[in-house]
Amino acid sequence: MLPKHNDKECTGIAGLDEVLAGGLPAHRLYVVEGNPGSGKTTFALQFLREGVRLGQRVLYVTLSETLEELSDVAISHNWNLDGIDLLELDSLSDRFKEDADYTVFHPSDVELEETIGRIRAEVERLNPDRVALDSVSELKILSQTVVRYRREILGLKQFFAGRKCTVLVLDDCTTGDSEQQLQSIAHGVVRMDREPREYGSTRRQIHVVKMRGVAFQDGQHDFVIKSGGLELYPRLSASGSAAVENAGSAESGSPQMDALLGGGLDRGSSTLLIGAAGCGKTTLCSQYLMTALQRGEHVVCYQFEENRQTFLHRSGGYGMDFEPYIASGKFDLIQVDVADLSPGEFSSRVRNAVEERKASFVVIDSLNGYLNGMPSERFLLIHIRELLAYLAQKGVVTLMTLAQHGMLGSAMQSPVDVSFLADTVILLRFFEATGQVRQAISVVKKRRGAHERTLREMKIGSSGVQIGEILEQFEGVLTGVPRFRGKQELLLADHKD
């Protein structure tokens with residue numbers, strides 16, 4: 001049996017404990033508020049189950065749900081309620097009598113006193129370390145007035161403080177006239193939001209509104225409810241992560257490509273490959289991934305559009321066999337379901353790959369799929385910026401692809417301007433020469449050093465990426481209608497790959 005007093009009480013939700021810098025301060029009263037269906041009951045059960053795991057005595061007081069309903073919640077998560085003491089107070093409809101039954105007092109006065117008395121008696125009998133009260137909406141109704149409600153909650157707070165237990169009070173926010181009363185009394189307030197999206201699964205977020213004496217991580221944090229409980233994804237912040245040494249560069253395996261970039265991609269930098277569909281963005285990323293794998297690095301690629309088999313089949317056609325590296329665990333090729341993904345969950349996945357799997361190379365293919373998969377989300381560019389800042393601090397090389405609308409001409413546009421976020425921008429273009437459609441490559445931006453400001457031909461074949469000579473008589477690349485007016489022998493030979 002653990003001692004009665006602990007500085008922090010773990011919630012059983014790893015991400016929330018991280019946000020709270022270790023958990024909830026012990027022996028205090030907290031409010032968990034949110035609309036119906038936001039996950040409050042699951043939160044409370046998870047908190048109490050963690051207490052059972054730690055050898056503590058725990059009590060669940062239910063005023064609005066039956067024991068059968070609680071059991072259904074537990075079964076849905078493959079839990080059992082062993083070790084949790086349950087106090088089921090009768091529903092209001094069963095407790096209310098006819099007014100004639102009370103000759104002196106109003107029915108609500110009698111029922112309120114009875115309810116509070118039963119809660120106190122059970123706590124005194126069990127002497128629990130953790131208590132969950134679900135929910136105070138019943139007490140609000142019985143109290144009738146804000147003054148009476150506040151007095152009763154204050155009385156409960158003082159009672160629990162004297163019993164040395166940590167209390168969660170659930171509030172379903174169905175009566176909006178006294179939430180501030182409860183928030184001002186509680187030691188901390190955790191808000192659970194549930195917001196439907198235009199398409200896909202509902203987005204859920206937790207916001208620590210108030211937590212006295214704790215330097216918690218502020219802001220909205222995404223979470224999901226899965227079989228097994230809540231999974232919370234703390235908002236990614238580079239300021240809270242230890243920086244690593246990021247000196248050196250990452251080569252592509254093509255000396256010409258590395259020369260174009262002034263020696264390669266800097267460690268801890270982000271690179272955006274932008275161009276029309278089919279111009280070689282993903283294949284160029286594959287070249288970098290294969291070279292990194294051959295150096296013994298761990299790499300991860302998030303596919304938002306292509307499926308896994310398409311990626312492997314195309315790469316194999318260019319002489320890049322990733323199957324052995326996937327089998328060995330050095331290459332994580334992940335197909336992302338954007339309909340069920342939130343920005344916070346994606347950032348958490350990337351963070352786990354870097355911190356747990358030690359990935360040093362990350363590819364996001366493509367930003368179009370990432371942005372289009374979450375059209376109703378706001379501030380996606382801020383999410384991307386926070387993610388890139390974190391990866392830079394960890395010394396990770398990040399490659400992102402962005403497809404422009406259209407194939408040729410001045411009508412080519414990007415769905416969103418993210419070039420300002422990337423350290424390096426590589427521009428890929430189609431051009432026509434000798435009756436063939438060819439590909440051109442140029443580096444238009446590199447923050448961390450010099451690079452070639454030339455335009456070169458790029459060819460991708462069975463031998464990998466080939467970079468040709470400078471196309472000195474190449475014109476019109478900035479207009480989106482490149483034209484080649486040079487000599488044919490300056491172009492890469494058209495081998496049968």
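- Aromatic ring pairs are classed by plane angle as parallel below 30°, tilted from 30° to 60° and perpendicular above 60°; the pair F331 and F311 is tilted.
- Nearest heavy atom pair, residue C165 against residue V131, reads SG-CG2, 4.2 Å.
- R148 has a carboxylate O that lies under 4.0 Å from a charged side-chain N of E152, or vice versa, which qualifies the two as a salt bridge.
- Under a 4.0 Å N-O distance rule, the pair K281/E305 does not qualify as a salt bridge.
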>> Let's go through F43 and L16 carefully: what are the C-alpha distance in whole Å and the side-chain angles of both, what is the deciding distance for side chain to side chain contact (heavy atoms under 4.5 Å, CB included) to 0.1 Å, and is it a yes or a no?
In response: CA-CA 11 Å; F43 183 115; L16 183 58; 3.4 Å; yes
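- Put simply, the side chain of V363 does not reach to within 4.5 Å of the side chain of V299, judged on heavy atoms.
- L81 is not listed as a side-chain neighbour of L48, based on a closest heavy-atom distance of 4.5 Å or more.
- Residue R130 is tested with L168, I84, L54 for a side chain to side chain contact (heavy atoms under 4.5 Å, CB included); the sole match is L54.
- Shortest non-hydrogen contact noted between E231 and K226 is OE1-NZ, 3.5 Å.
- Within a 6.0 Å sphere centred on CD of E68, other residues, nucleotides and ligands contribute 12 heavy atoms or fewer.
- Of all the heavy atoms in L230 and G39, the pair that sits closest is CD1-O, 4.2 Å.
- Interatomic distance, D193 CG to F223 CZ, rounded to the nearest 0.5 Å: 8.0 Å.
- From E386, atom CD reaches atom CZ of R235 across 5.0 Å, with rounding to the nearest 0.5 Å.
- Between the NZ atom of K330 and the CG atom of D332 there is a distance of 10.0 Å, given to the nearest 0.5 Å.
- Two residues are said to be in side-chain contact when any heavy atoms from C-beta on lie closer than 4.5 Å; P128 and V123 meet this criterion.
- At distances below 3.5 Å, at least one donor-acceptor pair connects side-chain atoms of Y30 with backbone N or O atoms of P25.
- No donor-acceptor pair closer than 3.5 Å links the side chain of R28 to the backbone N or O of A186.
- Proximity of a side-chain donor or acceptor of D17 to a complementary backbone N or O of T11 within less than 3.5 Å is detected.
- Here the side chain of R308 pairs a donor or acceptor atom with the backbone of L333 at under 3.5 angstrom.
- Judged purely by distance below 3.5 Å, without hydrogens or angles, the side chains of N35 and S38 never pair a donor atom with an acceptor atom.
- In this structure, Q217 contributes its side chain and P234 its backbone to no donor-acceptor pair below 3.5 Å.
- With a 4.5 Å cut-off on side-chain heavy atoms, V52 and D82 do not count as touching.
- Note on ring orientation: taking the six-membered ring where Trp is involved, the planes of F304 and F346 are perpendicular (angle over 60°, cut-offs 30° and 60°).
- Note that CG of L232 and CD1 of I206 are 5.0 Å apart. Values are rounded to the nearest 0.5 Å.
- Residues satisfying the ring-ring contact (aromatic ring centres under 6.0 Å, His included) criterion with H298, sequence neighbours excluded, are absent altogether.
- Scanning both residues, L170 and D134, for their nearest heavy atoms gives CD1-CG, 3.5 Å.
- With sequence neighbours excluded, no residue forms a ring-ring contact (aromatic ring centres under 6.0 Å, His included) with H221.
- Nearest approach of N368 to A403, heavy atoms of both residues: OD1-N, 2.7 Å.
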> Run the side chain to side chain contact (heavy atoms under 4.5 Å, CB included) check on Y302 and V350 step by step: do they pass?
Replying inline: CA-CA 9 Å; Y302 296 96; V350 176; 3.7 Å; yes
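- Formation of a donor-acceptor pair under 3.5 Å by the K210 side chain with backbone atoms of Q183 is found in this model.
- Judged by distance alone, with hydrogens and angles left aside, the side-chain atoms of T291 form a donor-acceptor pair with the main-chain N or O of Q287 at under 3.5 Å.
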> Taking it one step at a time, do R150 and I185 satisfy side chain to side chain contact (heavy atoms under 4.5 Å, CB included)?
Replying inline: CA-CA 8 Å; R150 182 179 179 87; I185 294 172; 3.6 Å; yes
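- Counting only heavy atoms from C-beta outward, the side chains of V397 and Y288 never approach each other to under 4.5 Å.
- Ionic pairing of D85 and R57 is present here: one or more N-O contacts between side-chain nitrogen and carboxylate oxygen are shorter than 4.0 angstrom.
- When side chains are defined from C-beta on, L24 counts as touching M211, because their heavy atoms get closer than 4.5 Å.
- Residue L402 holds its CG atom at 10.5 Å from CG of D365, rounded to the nearest 0.5 Å.
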Would you mind writing out the side-chain donor-acceptor pairs for residues 321-329 within the sub-3.5 Å range, not counting sequence neighbours?
residue, atom, partner, partner atom, Å
D321, OD1, E323, N, 3.2
S328, OG, P324, O, 3.3
S328, OG, Y325, O, 3.0

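- The main-chain N or O of D171 is never found under 3.5 Å from a side-chain atom of K140 such that the two would form a donor-acceptor pair.
- Considering NE2 of H27 and NE2 of H187, their distance stands at 12.0 Å, rounded to 0.5 Å.
- Inspection of the T41 and E65 side chains reveals an N or O donor paired with an N or O acceptor under 3.5 Å.
- D222 and S342 are linked by a side-chain donor-acceptor pair at a separation below 3.5 angstrom, with hydrogens and angles left out of the test.
- With hydrogens and angles disregarded, no donor-acceptor distance shorter than 3.5 Å links the side chain of S348 to the backbone of G344.
- Between T62 and E69, every side-chain heavy-atom pair lies at or beyond the 4.5 Å cut-off.
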>> side chain to side chain contact (heavy atoms under 4.5 Å, CB included) for L272 and L367? Distances and angles first, verdict last.
In response: CA-CA 10 Å; L272 177 66; L367 289 180; 4.0 Å; yes
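- Partner L182 forms a side chain to side chain contact (heavy atoms under 4.5 Å, CB included) with one of I153, V189, L139 and no other, that one being I153.
- Nearest heavy atoms, L289 versus C301: CD1-CB, 4.1 Å.
- Looking only at distances, no side-chain donor or acceptor of K164 sits under 3.5 Å from a matching main-chain atom of A161.
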>> Set out, in order, the CA-CA distance, both residues' side-chain angles and the distance that settles salt bridge (Lys or Arg N to Asp or Glu O under 4.0 Å) for R118 and E122, then state yes or no.
In response: CA-CA 6 Å; R118 292 179 64 183; E122 192 70 4; over 6 Å; no
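- At a threshold of 4.5 Å between non-hydrogen side-chain atoms, the residues H383 and Y370 count as touching.
- For the pair R120 and F159, the cation sits on the ring face: its NZ or CZ lies under 6.0 Å from the ring centre, inside 45° of the axis.
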